[in-house]
Amino acid sequence: MLRKALALMVVLGLLVSFGFALKIGVTTITLRHEFFQAIEAGIRDAAALAGVEVETFDPDLSMEKQVAAMEDFIQKKVDAIILIPIDVKGLIPVTTEAIAAGIPVVTVDMPVEVPGVITFVGTPNKQVGYELGLVAKEYIENELGGKAKIAIVRWLESQIQIERTEGFLEALSDMDGVTFVGEYQGYDRDQSFNAVSDLSMAHPDLDLIYAPAENSVVGAHAALETFDLLEKIKIVGFDMTDEAIRGLNDGSILAMAQQQPYLEGRIAVQALLTYIKGMEVLGNNWVPENSLVPAKIFTPDNVDTFERDPTEPTVK
């Protein structure tokens with residue numbers, strides 16, 4: 001991690017020496033969540049190191065507002081755009097428009113399938129879901145005799161969470177003793193709390209909940225705590241929070257995947273600046289199509305090594 005950070009600083013330092021005077025437009029999903037706050041902090045730190053101006057727009061989960069922000073960036077003729085898309089399909093037309101206007105676009109967290117996007121920066125979601133599935137598999141084999149009932153609580157419309165679920169299911173696909181009782185809507189904390197509350201009554205023999213996002217983990221854990229089920233029903237999920245740390249420490253959570261959003265933000269800026277300078281100097285795009293950032297798996301055995309990403313820029 002330290003080597004990556006040092007290498008990034010060297011690259012950005014070289015870019016500064018070229019005399020950049022650029023403005024990057026950034027539109028995120030929401031800044032209410034710690035994950036997206038950390039991405040934005042990474043973007044601002046990398047931009048500050050390179051002497052680049054950043055304008056961020058928070059649509060707060062509204063795709064219409066995010067499209068309007070993209071249109072505004074196009075009208076302002078910003079030098080580049082970092083897009084953290086709310087809806088990967090709904091953002092296709094305006095992303096295509098930005099690229100047609102000659103504005104380089106990098107997507108973060110979720111890819112938008114448009115020809116000409118410079119790179120996608122994000123987590124290899126299916127692979128990480130698979131790794132979490134292996135943790136669940138080991139628990140089922142060693143502690144439950146190879147049999148378990150599992151529920152999935154997630155944002156049903158999220159392509160990322162679909163991929164995370166596909167990987168999880170694949171890891172357990174050869175276990176005949178595993179039954180999935182269903183997939184339930186749980187975008188925010190309240191939805192997840194209600195879904196797990198209902199599940200705990202409808203399926204009193206439930207063993208595991210897979211929650212592939214921050215809010216679904218927090219809501220599920222709160223519901224199980226309310227109904228005194230933390231010892232009986234375990235959670236496997238994504239995105240470390242204070243609740244998740246507490247759950248790993250007391251054994252109610254088996255494993256958590258922690259993405260590296262701050263690093264994703266920094267890499268997004270690096271990719272844009274590298275692309276722009278590469279095109280200026282050599283006429284070549286130096287940037288890979290996908291810039292995947294591995295997640296870290298935390299369990300009760302290594303939770304004490306967790307370090308939280310900064311959610312505020314550290315470069316002044």
Side-chain angles (χ1 to χ4, degrees), residues 1-2 4-6 8-9 12 24-50 52-62 65-66 69 81-86 106-110 121-123 125 128 155 158 160-161 164 187-190 192 211-219 221-222 237-249 253 256-272 291-298 302-316:
M1 178 71 176
L2 179 59
K4 287 184 179 179
L6 290 173
L8 178 58
M9 291 179 70
L12 291 173
I24 297 176
V26 178
T27 176
T28 184
I29 292 177
T30 176
L31 288 176
R32 286 188 284 165
H33 298 170
E34 188 174 307
F35 177 80
F36 297 111
Q37 293 169 12
I39 293 177
E40 212 248 347
I43 290 170
R44 289 196 173 276
D45 273 354
L49 285 171
V52 172
E53 182 183 354
V54 172
E55 178 183 340
T56 299
F57 180 84
D58 175 11
D60 197 19
L61 303 175
S62 167
K65 290 181 180 179
Q66 189 168 56
I81 292 173
I82 295 176
L83 169 63
I84 308 165
I86 293 171
V106 164
T107 61
V108 181
D109 189 43
M110 289 191 285
V121 182
T123 303
N125 288 292
V128 180
W155 182 12
S158 168
I160 282 179
Q161 293 182 42
R164 293 171 182 174
Y187 170 73
D188 61 24
R189 184 190 185 281
D190 291 341
S192 301
E214 173 186 328
N215 285 320
S216 51
V217 172
V218 172
H221 195 266
F238 267 77
D239 299 331
M240 295 285 276
T241 60
D242 291 339
E243 292 90 341
I245 293 169
R246 182 159 55 89
L248 287 168
N249 280 319
I253 295 180
M256 292 291 296
Q258 175 61 19
Q259 302 173 86
Q260 301 187 68
Y262 178 78
L263 182 59
E264 289 180 15
R266 297 191 67 158
I267 289 173
V269 174
Q270 176 191 7
L272 277 174
S291 302
L292 299 180
V293 182
K296 301 176 181 179
I297 305 296
F298 289 95
N302 69 347
V303 63
D304 59 328
T305 66
F306 170 69
E307 295 181 3
R308 193 181 299 277
D309 271 0
T311 55
E312 294 290 337
T314 59
V315 178
K316 306 299 181 183

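Both backbone and side-chain heavy atoms feed into the values below; hydrogens, waters and symmetry mates do not.
Put simply, the side chain of Asp45 gets close to the backbone of Val315: a donor and an acceptor are under 3.5 Å apart. In terms of modelled atom types and a separation under 3.5 Å, the side chain of Gln37 and the main chain of Leu31 share a donor-acceptor contact. Under the 3.5 Å distance criterion, the side-chain polar atoms of Asp309 are matched with a main-chain donor or acceptor of Tyr262. Put simply, the side chain of Asp60 never gets that close to the backbone of Asp58: no donor and acceptor are under 3.5 Å apart. At least one donor-acceptor pair under 3.5 Å links the side chain of Ser216 to the backbone N or O of Ala213. Counting only distance, with no hydrogens or angles, the side chain of Glu243 and the backbone of Val218 share no donor-acceptor pair below 3.5 Å. When atom types are taken as modelled, the side chain of Gln260 and the backbone of Val293 share no donor-acceptor pair closer than 3.5 angstrom. Looking at Arg44, its side chain never comes within 3.5 Å of a backbone N or O of Pro313 through a donor-acceptor pair. Within the 3.5 Å criterion, the main-chain N or O of Ser291 finds no donor-acceptor partner in the side chain of Glu264. No donor-acceptor pair closer than 3.5 Å links the side chain of Ser158 to the backbone N or O of Trp155.
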Practice task
Step by step, work out the side-chain contact (heavy atoms from CB on, under 4.5 Å) result for Gln66 and Leu83.
Solution key: CA-CA 9 Å; Gln66 189 168 56; Leu83 169 63; 3.8 Å; yes

_Step-by-step side-chain contact (heavy atoms from CB on, under 4.5 Å) determination, Phe35 to Ile84_ = CA-CA 12 Å; Phe35 177 80; Ile84 308 165; over 6 Å; no

Checklist entry - Run the side-chain contact (heavy atoms from CB on, under 4.5 Å) check on Thr241 and Glu214 step by step: do they pass? => result CA-CA 7 Å; Thr241 60; Glu214 173 186 328; 3.5 Å; yes

Exercise. Please walk me through it: do Arg164 and Val128 pass side-chain contact (heavy atoms from CB on, under 4.5 Å)?
Worked result: CA-CA 7 Å; Arg164 293 171 182 174; Val128 180; over 6 Å; no

Glu40/Thr28 under side chain to side chain donor-acceptor pair (under 3.5 Å): CA gap, chis, key distance, verdict: CA-CA 8 Å; Glu40 212 248 347; Thr28 184; over 6 Å; no

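Contact annotation: the side chain of Asp109 approaches that of Phe36 to within less than 4.5 Å [non-hydrogen atoms, C-beta and beyond]. Using a 4.5 Å heavy-atom cutoff, the side chains of Phe238 and Gln161 are not in contact. A heavy-atom distance below 4.5 Å is found between the side chains of His33 and Asn215. A heavy-atom distance below 4.5 Å is not found between the side chains of Glu34 and Asp239. Side-chain contact between Arg308 and Ile245 is present, with at least one heavy-atom pair separated by less than 4.5 Å. A heavy-atom distance below 4.5 Å is not found between the side chains of Ile43 and Thr56.
The minimum heavy-atom distance between Val108 and Ala268, with the atom names listed, is CG2-CB, 3.7 Å. Minimum interatomic distance between Ala295 and Thr123 (heavy atoms only, all atoms of both residues): CB-CG2, 4.1 Å. The two residues Thr305 and Asn302 come nearest to each other via the heavy atoms OG1-O, 2.7 Å. Here the closest non-hydrogen pair linking Thr107 and Met110 is CB-O, 3.6 Å. Annotation for Val54 and Ala47: closest pair CG2-CB, 3.3 Å, computed over non-hydrogen atoms.
Distance check, rounded to the nearest 0.5 Å: CD1 of Ile24 to CD1 of Ile81 gives 10.5 Å. Taken from CG in Leu248 to CE in Met240, the straight-line distance is 5.0 Å, to the nearest 0.5 Å. Rounding to the nearest 0.5 Å places CG of Leu49 at 5.5 Å from CZ of Arg266.
By the salt bridge (charged side-chain N to carboxylate O under 4.0 Å, His left out) test, Arg189 pairs with no residue at all, sequence neighbours left out.
Relative orientation of the Phe298 and Phe306 rings is perpendicular, given thresholds of 30° and 60° on the angle between their planes.
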